[in-house]
Chemist: 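One structure, as structure tokens, below. Some questions next.
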Number of protein chains: 2
Amino acid sequence: MRVTGDQALVKKLNKSIVLDTIRRNGPLSRTDVSERTGLNKATVSNLTLELLEQKLVEETGLGASSGGRKPLMLLFNGAAGCAIGIELGVTLVKAALTDLKGGILLERSAPLGRHDPDTAFAVILEAVRPLLEEAPDTPHGVVGIGIGVPGMVDESGTILYAPNLGWEGVDLGARLEKEFGVPVVVDNEANAGAAGEREYGAGRHVRHLVYVSAGMGIGSGMIIDGQLYKGAWGYAGETGHMSIESDGRLCSCGSRGCWELYASERAYAYAPAAGGSAEGSGDADVRARDAASPSSLPALTTPELAEYARQGDAATLEMYREIGRRLGIGVTNLVNGFNPEKIVVGGPLTEAKEWIEPAMLATIAERALPYHRRELAVSFSELGSRSALLGAAHLAVSQFLGRVRVSL
Amino acid sequence: MRVTGDQALVKKLNKSIVLDTIRRNGPLSRTDVSERTGLNKATVSNLTLELLEQKLVEETGLGASSGGRKPLMLLFNGAAGCAIGIELGVTLVKAALTDLKGGILLERSAPLGRHDPDTAFAVILEAVRPLLEEAPDTPHGVVGIGIGVPGMVDESGTILYAPNLGWEGVDLGARLEKEFGVPVVVDNEANAGAAGEREYGAGRHVRHLVYVSAGMGIGSGMIIDGQLYKGAWGYAGETGHMSIESDGRLCSCGSRGCWELYASERAYAYAPAAGGSAEGSGDADVRARDAASPSSLPALTTPELAEYARQGDAATLEMYREIGRRLGIGVTNLVNGFNPEKIVVGGPLTEAKEWIEPAMLATIAERALPYHRRELAVSFSELGSRSALLGAAHLAVSQFLGRVRVSL
DNA sequence: AGACTTAGTTTATCCGATAGACAAAGTTTT
DNA sequence: AAAACTTTGTCTATCGGATAAACTAAGTCT
């Protein structure tokens with residue numbers, strides 16, 4: 001059933017507007033808030049009073065006078081509660097306790113040896129429990145847990161399919177909720193990363209954002225009008241399986257030429273023979289390579305390869321150049337289709353950003369449509385390896401604070 | 001400045017909910033509306049009264065009793081006003097006068113010889129003026145004009161760039177508004193088509209829809225959560241320039257391997273030599289062809305080629321099979337990235353849908369991710385060549401009726 | 001004919017936003 | 001230092017709109 005209008009809705013909406021305004025625009029007086037939002041001073045006062053009682057806002061003292069009575073400044077109280085963010089990786093579980101502003105209070109990680117859901121669940125419990133126990137005493141306590149997982153998640157928070165974990169239909173959210181008794185939000189790792197960068201990182205104040213997470217695969221989180229876009233059933237963002245080579249390499253998904261085969265760590269397996277330049281090689285060569293030839297790279301993980309790149313290894317540098325180019329091709333596709341304000345590239349692969357960036361930017365500049373690229377910003381993640389972790393925590397915070405939006 | 005909540009907003013929201021409910025769900029009693037929307041009976045009665053006074057709703061008599069007093073049925077009054085829809089094509093201007101339900105009252109079209117804005121403007125005037133003059137006398141008169149144009153349109157309705165017309169920065173909307181004195185909505189042809197199919201065609205009751213318009217190029221209109229998605233600056237949907245062949249054919253946009261070079265009427269220029277099967281041909285062949293070889297097709301327009309296809313011409317059939325396959329590849333990319341509920345394919349190319357469809361559907365079935373394709377519907381336009389025309393008219397109607405949306 | 005049902009309106013009440021008056025606490029001018 | 005002015009924030013009366021519940025209207029069923 002649809003949402004209808006009544007006074008409760010009005011209040012919820014306005015309260016959320018006031019809180020958001022204070023949260024985003026630092027210390028403000030009641031009058032400032034009134035002017036910024038268009039709400040009456042009295043309304044702001046009333047709502048602020050409630051927010052003060054809920055401890056979500058605090059008065060931080062008097063501000064500078066502008067020729068009259070000094071204003072009482074209001075600030076969002078990040079310490080009113082905590083949230084837990086979890087990033088479930090293939091080999092590692094990272095967890096953090098944060099305040100409501102995304103400040104990290106405690107952080108833990110635990111290796112993930114086996115991948116079955118029960119083992120993973122146990123590891124998560126072990127990482128989270130101490131965080132819960134050591135959480136500071138705050139008015140609202142731990143308001144929720146957010147988890148980013150490497151797979152597709154449906155609307156109810158069930159992990160439908162996580163190829164790298166070998167999971168299908170695991171209802172992790174419900175299990176954790178039962179275990180800890182706090183609200184749990186489960187989402188895709190790329191969506192969590194997008195939320196993180198948009199809230200705390202490279203995408204602050206951006207309305208339409210695409211976050212590209214490149215690691216062992218590629219996934220995207222799309223933020224449209226400030227909100228995560230999840231598609232009809234929650235599976236949006238599987239851009240790693242966008243074909244950029246109609247009859248290219250065969251992918252594990254059954255399709256061909258998927259972006260992530262060329263522009264993620266999966267590309268390492270297809271590196272050209274040493275000395276061979278990818279530039280001039282025709283596609284026929286690519287086909288031939290696919291079949292057998294062992295990689296010519298000196299290593300097969302990003303940290304190791306980054307070291308070789310640092311030392312100037314030609315094959316490695318050439319490969320990163322090609323990955324950059326292919327990243328640029330895919331990003332261009334997203335830019336032309338979506339017209340985002342900003343593209344943020346993150347994920348483990350970006351440890352090698354130094355050698356990827358030039359080719360990527362050049363390719364986008366060459367190939368994106370002129371109007372689309374004119375006002376487009378492209379950058380790498382600001383939160384580094386913590387995008388998804390902080391984003392997951394923010395998803396929990398965001399659900400707790402409860403945003404209402406109206407469009408005319 | 002943001003929208004804040006007050007009673008006026010509540011009323012606007014609820015009134016729009018009531019009107020929409022009646023509009024979409026045929027004859028309903030006040031009680032039905034109350035139950036469907038969750039609004040109080042009294043509220044529905046009040047709002048309905050206003051809608052009756054505005055002539056947007058009418059009472060159509062008593063319905064069947066369900067064991068008590070007979071209900072007074074309410075119906076949306078499509079005859080309360082008119083709208084004008086225009087499709088500005090490269091060679092043709094089509095215009096229609098519709099009622100508020102998208103029913104066509106009058107239709108006109110005029111050839112477009114020269115493409116300069118002044119000529120086009122004159123042709124549009126000539127097509128529209130008689131429609132305005134012969135518009136029936138209705139309570140609200142002509143509520144607005146909607147136009148679909150083959151190019152990129154910014155938020156203000158200015159045509160930024162229309163390559164096929166050779167236009168750059170033409171403020172068609174403002175000129176028409178000044179000329180006719182009614183609100184004008186300008187949008188991309190694909191967006192208009194998407195709106196048309198979503199409202200009156202293959203996409204009714206679909207929340208997340210992608211409409212792919214294939215003609216001399218490819219453009220997409222994306223409807224997200226019932227609303228057209230326009231991107232950060234209004235340029236979203238240029239999917240025709242999504243590269244599906246990283247180092248493929250050089251496109252006029254400067255990029256390579258753009259989808260529309262393989263899956264729109266632009267592909268006719270690259271048809272393989274007669275007898276040569278595209279199936280087994282390597283990419284090297286494609287490259288070689290690009291340079292010079294004249295097309296082996298018996299014709300170069302869709303209507304003519306459709307006739308050859310009907311007669312079983314092998315080269316034509318093979319080409320449409322390949323176009324179908326390439327359409328499927330691009331659609332798969334959109335499906336994996338967007339996870340829409342439904343894909344609707346329309347535009348001039350679909351005159352040949354009979355020979356395109358099998359390969360397209362097979363390709364999607366083969367290549368789309370399992371979860372994405374499981375609940376996906378793919379179909380061709382239901383409104384045929386009128387998608388954009390009716391969609392444009394609907395954009396005007398929709399602006400007139402003024403929808404309010406709230407999300408929690 | 002009487003009991004029961006369903007449709008739609010009327011009435012009293014509640015809630016929250018608003019304008020404008022007012023109190024509080026400054027700064028500037030004389 | 002007193003008076004005049006400014007800015008901040010609260011208080012008060014009012015208004016508009018949703019709601020529940022009572023009520024009227026108009027049916028059906030036994």
Side-chain angles (χ1 to χ4, degrees), chain A residues 1-19 21-22 27-54 57-75 404 406, chain B residues 1-19 21-22 25 27-53 57-75 404 406:
Chain A
M1 204 176 60
R2 280 143 104 179
V3 181
T4 58
D6 58 4
Q7 278 118 332
L9 178 80
V10 168
K11 186 169 187 181
K12 213 152 123 187
L13 168 64
N14 288 343
K15 197 166 170 182
S16 128
I17 289 175
V18 170
L19 180 56
T21 304
I22 296 172
L28 291 177
S29 70
R30 288 163 173 80
T31 303
D32 290 338
V33 174
S34 166
E35 278 166 4
R36 272 178 189 261
T37 59
L39 289 166
N40 188 281
K41 284 193 298 174
T43 307
V44 172
S45 261
N46 279 327
L47 296 174
T48 302
L49 187 67
E50 288 188 23
L51 290 170
L52 285 167
E53 280 164 2
Q54 291 178 268
V57 162
E58 50 183 5
E59 293 178 330
T60 58
L62 297 172
S65 162
S66 59
R69 173 173 165 182
K70 288 183 181 170
L72 244 173
M73 304 313 274
L74 302 167
L75 208 56
V404 184
V406 176
Chain B
M1 206 177 59
R2 282 145 100 179
V3 181
T4 58
D6 59 2
Q7 278 120 330
L9 178 80
V10 169
K11 186 169 186 180
K12 213 151 123 189
L13 168 64
N14 288 343
K15 197 165 168 182
S16 127
I17 289 176
V18 169
L19 180 56
T21 303
I22 296 172
N25 305 295
L28 291 177
S29 71
R30 288 163 172 79
T31 304
D32 291 337
V33 174
S34 166
E35 280 166 1
R36 271 177 190 262
T37 60
L39 289 166
N40 188 280
K41 285 195 297 173
T43 308
V44 172
S45 262
N46 279 327
L47 297 173
T48 302
L49 188 67
E50 288 188 24
L51 291 169
L52 285 167
E53 280 164 2
V57 162
E58 50 183 1
E59 293 178 331
T60 58
L62 297 172
S65 161
S66 59
R69 175 174 166 180
K70 288 182 181 170
L72 245 173
M73 304 313 277
L74 303 168
L75 208 57
V404 183
V406 175

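Just so it is clear: chains get the letters A, B, ... in the order the sequence lines come, proteins before strands, and each one is counted from 1. Since the structure is predicted, the reported quantities are computational estimates derived from the model, not experimental observations.
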Chemist: Which heavy atom of A/T37 sits nearest a heavy atom of B/T4, and at what distance?
Modeler: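 Heavy atoms only, the tightest pair is O-CG2, 3.2 Å.
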
Chemist: Provide the closest heavy-atom pair for B/L28 versus B/R36 in the form atom of the first, atom of the second, distance.
Modeler: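 For B/L28 versus B/R36, the nearest heavy atoms are CD2-NE, 3.8 Å.
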
Chemist: What's B/T43 touching, base or sugar-phosphate or nothing? Going by heavy atoms closer than 4.0 Å.
Modeler: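 Here B/T43 touches the bases of the nucleic acid.
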
Chemist: Along DNA chain D, 5' to 3', what are the outermost nucleotides having an atom less than 4.0 Å from a heavy atom of chain A?
Modeler: D/dT6 to D/dA18

Chemist: For A/P71 and for B/N40, find the nucleotide of DNA chain D with the closest heavy atom, then tell me which residue's nucleotide is more 5'.
Modeler: A/P71

Chemist: Pick the closest DNA chain D nucleotide for A/E59 and for A/S66 by heavy atoms, then say which residue is nearer the 5' end.
Modeler: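 Residue closer to the 5' terminus by nearest nucleotide: A/S66.
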
Chemist: Determine whether B/V10 and A/L9 make a side-chain contact, defined as any pair of heavy atoms from C-beta on separated by less than 4.5 Å.
Modeler: no

Chemist: Would you give me the side-chain donor-acceptor pairs under 3.5 Å for residues 39-48 of chain A, sequence neighbours excluded?
Modeler:
| unit_1 | atom_1 | unit_2 | atom_2 | d |
| --- | --- | --- | --- | --- |
| A/N40 | OD1 | A/A42 | N | 2.7 |
| A/N46 | ND2 | A/A42 | O | 3.4 |
| A/T48 | OG1 | A/V44 | O | 2.6 |

Chemist: Heavy atom of residues 7-15 of chain B under 4.0 Å from DNA chain D: which residues?
Modeler: B/Q7, B/V10, B/K11, B/N14

Chemist: Which donor-acceptor pairs under 3.5 Å do the side chains of residues 61-75 of chain A make with protein atoms, sequence neighbours left out?
Modeler:
| unit_1 | atom_1 | unit_2 | atom_2 | d |
| --- | --- | --- | --- | --- |
| A/S65 | OG | A/G67 | N | 2.9 |
| A/S65 | OG | A/G68 | N | 3.0 |
| A/S65 | OG | A/G68 | O | 2.6 |

Chemist: Any carboxylate oxygen within less than 4.0 angstrom of a Lys/Arg side-chain nitrogen, looking at A/R30 and A/E35?
Modeler: no

Chemist: Taking for each residue the nucleotide of DNA chain C with the nearest heavy atom, is it A/G67 or A/K41 whose nucleotide lies nearer the 5' end?
Modeler: A/K41

Chemist: To the nearest 0.5 Å, what is the distance between CG (A/L52) and CD (A/E59)?
Modeler: 5.0 Å

Chemist: Which two nucleotides bound the region of DNA chain C that has atoms under 4.0 Å from heavy atoms of chain A, read 5' to 3'?
Modeler: C/dC15 to C/dT27

Chemist: Test: salt bridge (Lys or Arg N to Asp or Glu O under 4.0 Å). Region: residues 4-13 of chain A. Which pairs qualify, not counting sequence neighbours?
Modeler: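 Pairs touching residues 4-13 of chain A that pass the test: A/K11-A/E50.
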
Chemist: Does any part of the side chain of A/S29, heavy atoms only, come nearer than 4.5 Å to the side chain of A/D32, both counted from C-beta?
Modeler: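 Side-chain contact under 4.5 Å: yes.
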
